[in-house]
Protein chains: 2
Amino acid sequence: MLSIGTLAKRTGTKVQTIRYYEQIGLMPEPGRTTGGQRRYGTVELDRLAFIRHSRELGFSLEAIRELLDLSDSPERSCAQVDAVAQKQLHEVEARIARLETLRVELQRMINECNADRVADCRILEVLRDHEECLSDHIRPGG
Amino acid sequence: MLSIGTLAKRTGTKVQTIRYYEQIGLMPEPGRTTGGQRRYGTVELDRLAFIRHSRELGFSLEAIRELLDLSDSPERSCAQVDAVAQKQLHEVEARIARLETLRVELQRMINECNADRVADCRILEVLRDHEECLSDHIRPGG
DNA sequence: CTTGAACCTACAGTCGCTGTAGATCCTATA
DNA sequence: TATAGGATCTACAGCGACTGTAGGTTCAAG
Ligand SMILES: [Zn+2]
Ligand SMILES: [Zn+2]
Ligand SMILES: [Zn+2]
Ligand SMILES: [Zn+2]
């Protein structure tokens, strides 16, 4: 039986994070000592490791919840699991594309600044006016 | 003189967001009508446009605050402005690098899954055990 | 003058944690 | 067995950058 601190160390999680996962129903309520402290077994260890690894790969807690639910039905088709992963891949690709646009624009601003005075700084000029940008980095809806 | 709604439309901002910027001191307190409604001029319009464009390029509100302060001293060297932009560029590059790692790992998981049952799903296998990953996508500190 | 869209304040909620305060528990050593 | 002090407990506030809501007031068009 593991204390919450030991479980935290074994999975690279903070203690508060484990309690937070319990609070939102992502981790089950564990057994307690007579004094009221949480005690965990290997099932909980494996579940938490799954959650943390999925988080490292960028999955949202909602997606992880879905993956955990799906993995409780071993005989079902894994199409839904694959769909969740596909969606995550698309989101990552979209974020990369956006950041790549920003990278190019930032690099260009920085390269073009040869001024020494703030009054002539190319970076500030570009920030003041999107017309100075080459790319359309404006997100739909914010 | 512009109402908050007109200012919002002109800059692609939500009305609440403008009030939020005022609350945190990023936008100045504007004049008011006798009835208490905010009225803005071109100075505020330009400032908000600057803020929004900087946000589009991924700058944090703290960085934007610094840029706005710096641009109030036109005779000073723009070295600090350039440093803020450089830092932002590095952050964007770091995020791209991390997401690229995730993209490769996600793509591999998805490609390797030929199973039809959840029990044999390669995606779940990988999520259960980071040893199945090729890359070290673990962030230092969570 | 009436209507209704836009505005006002104040506050709660989002996501995924992280930090704090003050109390209690567990365990190792004397 | 007594005590010290690290670990744990609950409850709540805070982060960034907004977004949404409720309930009330103001403005401008017709
Ligand atoms: Zn410059
Ligand atoms: Zn631009
Ligand atoms: Zn599969
Ligand atoms: Zn991994």
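Naming: A, B, ... by sequence-line order, numbering from 1 per chain. Reckoned from all heavy atoms, side chains included, excluding hydrogens, waters and symmetry mates.
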Using 4.0 Å as the upper bound for N to carboxylate O, is an ion pair formed by A/E22 and A/R19? no

Can you check whether A/T17 has a side-chain N or O nearer than 4.0 Å to OP1 or OP2 of C/dT18? yes

If I take atom CD in residue A/E29 and atom C1' in nucleotide D/dT10, what distance separates them, rounded to the nearest angstrom? 14 Å

Between B/R52 and B/Y21: side-chain donor-acceptor atoms closer than 3.5 Å: yes

Rounded to whole angstrom units, what separation is found between the CD atom of B/E22 and the C1' atom of C/dC7? 13 Å

Sugar-phosphate or base contact per nucleotide [nucleotides 22-30 of chain D; S, B, -; heavy atom under 4.0 Å]: ----SS---

What is the separation between atom CD1 on A/I64 and atom P on C/dG16, rounded to the nearest whole Å? 8 Å

Check whether any side-chain N or O of B/Y21 sits under 4.0 Å from OP1 or OP2 of D/dC18, and answer yes or no. yes

Could you tell me how far apart B/Q16 (CD) and C/dT9 (C1') are, to the nearest whole angstrom? 12 Å

Could you tell me the separation between the SG atom of B/C133 and the CD1 atom of B/I138, rounded to the nearest 0.5 Å? 7.5 Å

B/H130 and B/D136, any side-chain heavy atoms less than 4.5 Å apart: yes

A/L2 CG to D/dA7 P: how many Å, rounded? 16 Å

Donor-acceptor contact below 3.5 Å, side chain B/E112 vs main chain B/I123: no

Sub-3.5 Å donor-acceptor pair from the side chain of B/E132 to the main-chain atoms of B/D129, do we have one? no

Can you find a donor-acceptor pair, distance only, under 3.5 Å between B/E62 side chain and D/dG16 base? no

Across the strands shown, which category fits B/R19 at heavy-atom distances under 4.0 angstrom: base, sugar-phosphate, nothing? base

Determine whether a donor-acceptor pair (N or O, by modelled atom type, separation under 3.5 Å) exists between the side chain of B/R122 and the backbone of B/V126. no

Look at all strands and tell whether B/I4 reaches a base, only sugar-phosphate, or nothing, counting heavy atoms closer than 4.0 Å. sugar-phosphate

Which one, C/dT9, C/dC17, D/dT19, comes nearest to the side chain of B/R38? C/dT9

For DNA chain C, what residues of residues 83-97 of chain B have any heavy atom nearer than 4.0 Å? none

What is the distance from CD1 of B/I18 to C1' of C/dT9, rounded to the nearest Å? 16 Å

Of the candidate nucleotides C/dG19, D/dC18, C/dC17, which contains the atom at the shortest distance from the side chain of A/K14? C/dG19

Going by an N to O cut-off under 4.0 Å, is there a salt bridge joining B/E62 and B/R65? yes

Less than 4.0 angstrom between a side-chain N/O of B/R52 and OP1 or OP2 of D/dA17, yes or no? no

